[in-house]
2 protein chains.
Amino acid sequence: MNQTTSPPSSEINPGSERILDAAESLFAEHGFNGVSIQQVANKSGISKATVFHHFANKQELYISVVRRACEGTMRLLQSLSSDAQGDALKQLGDYRQRDLSEIQAHASVVRLILRELTMGNESQAKQLVDDVFGEHFLRLKNLITRAQSHGQIRPDMDAGIQAHAIVSINIMLFLLWPVLHHLPDTPFSDIEHASRQTFRMLLEGIQTPAPSEKTIA
Amino acid sequence: MNQTTSPPSSEINPGSERILDAAESLFAEHGFNGVSIQQVANKSGISKATVFHHFANKQELYISVVRRACEGTMRLLQSLSSDAQGDALKQLGDYRQRDLSEIQAHASVVRLILRELTMGNESQAKQLVDDVFGEHFLRLKNLITRAQSHGQIRPDMDAGIQAHAIVSINIMLFLLWPVLHHLPDTPFSDIEHASRQTFRMLLEGIQTPAPSEKTIA
DNA sequence: TAGATGGCCGACCGATCGGTTGGTAGGGTC
DNA sequence: GACCCTACCAACCGATCGGTCGGCCATCTA
């Protein structure tokens, strides 16, 4: 009906990909229960029965969406730990920037994962998300540990705690942005600027202080 | 049926409160679309028609739930700004602790609000949540500004940025806890401890440094 | 005692849900 | 040609959805 210049069949998009594309954005915006198969079918320009031809049931479709979304994130974080030498502190800064870009570029996927994270234990997709996020977290933690061993980051604080803080600022900035940026006299006009500022603030606490006696209660 | 020692009628809970209680936990766990009025009716030991007797429709019920949940948070943050004198830095630490306790004590409400925050603009309850969260944020920001003027916190960084970081650590700790605490060799065994550690880490970056030349690129 | 009121409910409604069925159209193989 | 396989779909199914309706019953008022 509305498929513009559609090739005979299955040329650019093998069909099931079209369904996944449609389902991903819908699930991300409305959640599992907020989306009907009919909506997915309509959005992908396909009949409802065909959706069930490609996916056994709604749950399987949802998990396929989550899995595909996670694969994208996987690819990114592999590149993160690829360069195992070099200035670890600089890499940390690069990570912050790339992570924010990734979050913004794949906003719907991030929202999908976040939603999965906030859910109870009901979902089968939760374990999947846990794994991806867990691996992401561990890679970042390794990067920090490396920076610690190079003396660039204070080793008297747990790398996990530090990693959590770094992860949190970008995610929360993204999550709360709609609220933050229309606050009265807000400093949140540019998300990249806010992220950089927050990271700098974090660093000056994390970073090994200049060797002056500075102990804080 | 399962109402234990129920008084003749409307003694402890005026009926609609029972509905709100049931609806709150259900909405928090499954979201708006994941909960049916029938479930709310069952959980509150009341018929479905009676739910519609007290609330015009499902949307109104939902908004009532969110509004009541926000009222609890309102009360807390009013007590926050009540003591406008005293050690602002110490108050900040107290805030961190009380905020975490509040989050843990009202986990379902927090999840509800978080879910509302991550949603698109569709919901009518979003503005409500925005207001509450916005006010919460502003009060914290004022506290920080006060600490800055007292020279306890470095004034060369925006109070809004600092407030965002402080808010974020507790929320994200709570949000990611299920993932964090079953990570391999994790430092996340006690959430209060993790929160305190992170706050300390944050502070040592926020806090006015001892007057030694320490400029960081 | 008669009437009004409000909390409550069983039974029902049209719409939509997730999912199934039976079948069509087309390309590949022999 | 006969055969098969995959992609696809209109029509349908039972269940459940949000919501309505008419009436029961306990309490209050007079």
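Basis for what follows: all heavy atoms, side chains included, without hydrogens, waters or symmetry-related copies.
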**OP:** Give T50(B) one of three labels, base, sugar-phosphate or nothing, depending on what nucleic acid heavy atoms sit under 4.0 Å from its own.
**Re:** base
Original post:
Does any donor atom in the side chain of N42(A) or Q38(A) lie under 3.5 Å from an acceptor atom in the other side chain?
Top reply: yes
Subject >> Residue-phosphate contact under 4.0 Å: S36(A) side-chain N/O, dC17(C) OP1/OP2 >> reply: yes
Original post:
How would you label the contact of V40(B) with the nucleic acid (heavy atoms, under 4.0 Å): base, sugar-phosphate, or nothing?
Top reply: nothing
Original post:
Is V51(B) touching bases, backbone alone, or none of the nucleic acid, heavy atoms closer than 4.0 Å?
Top reply: nothing
Subject >> Length of the CZ-P vector between F55(A) and dC8(D), whole Å >> reply: 11 Å
Original post:
Within this structure, what is the CD-to-C1' distance between Q59(B) and dC17(D), rounded to whole angstrom?
Top reply: 15 Å
**OP:** Please determine if R139(A) and E135(A) form a salt bridge, counting it only when a charged side-chain N lies under 4.0 Å from a carboxylate O.
**Re:** yes
Original post:
Taking atom C1' of dG18(C) as reference, at what distance in whole Å does atom CD of Q39(A) sit?
Top reply: 13 Å
Subject >> Interatomic distance where CZ belongs to R18(B) and C1' belongs to dC8(C) [whole Å] >> reply: 11 Å
Original post:
Is the F32(A) to H30(B) ring centre distance short of 6.0 Å?
Top reply: no
**OP:** For A49(A) and for Q38(A), find the nucleotide of DNA chain C with the closest heavy atom, then tell me which residue's nucleotide is more 5'.
**Re:** Q38(A)
**OP:** For the side chain of K58(A), starting at C-beta, report the closest nucleotide among dG18(C), dG10(C), dC9(D).
**Re:** dG18(C)
Subject >> Salt-bridge contact E71(A)-R67(A) (side-chain N to carboxylate O under 4.0 Å) >> reply: no
**OP:** Find the distance F52(A):CZ to dA7(D):C1' and express it as a whole number of Å.
**Re:** 17 Å
**OP:** Scan I169(A), I171(A), N170(A) and name whichever one has a side-chain contact (heavy atoms from CB on, under 4.5 Å) with L100(A).
**Re:** N170(A)
Original post:
Rounded to the Å, how far apart are H53(B) NE2 and dC25(D) C1'?
Top reply: 13 Å
Original post:
So does K48(A) reach the base of dG19(C) with its side chain, donor to acceptor, closer than 3.5 Å?
Top reply: yes
Original post:
Taking the side chain of I37(A) as heavy atoms from C-beta outward, which of dC8(C), dG18(C), dA7(D) is closest to it?
Top reply: dG18(C)
**OP:** Using atom CG of N57(A) as one end and atom P of dA15(D) as the other, report the distance to the nearest whole Å.
**Re:** 18 Å
**OP:** Could you tell me the separation between the CD1 atom of I19(A) and the P atom of dG18(C), rounded to a whole number of Å?
**Re:** 14 Å
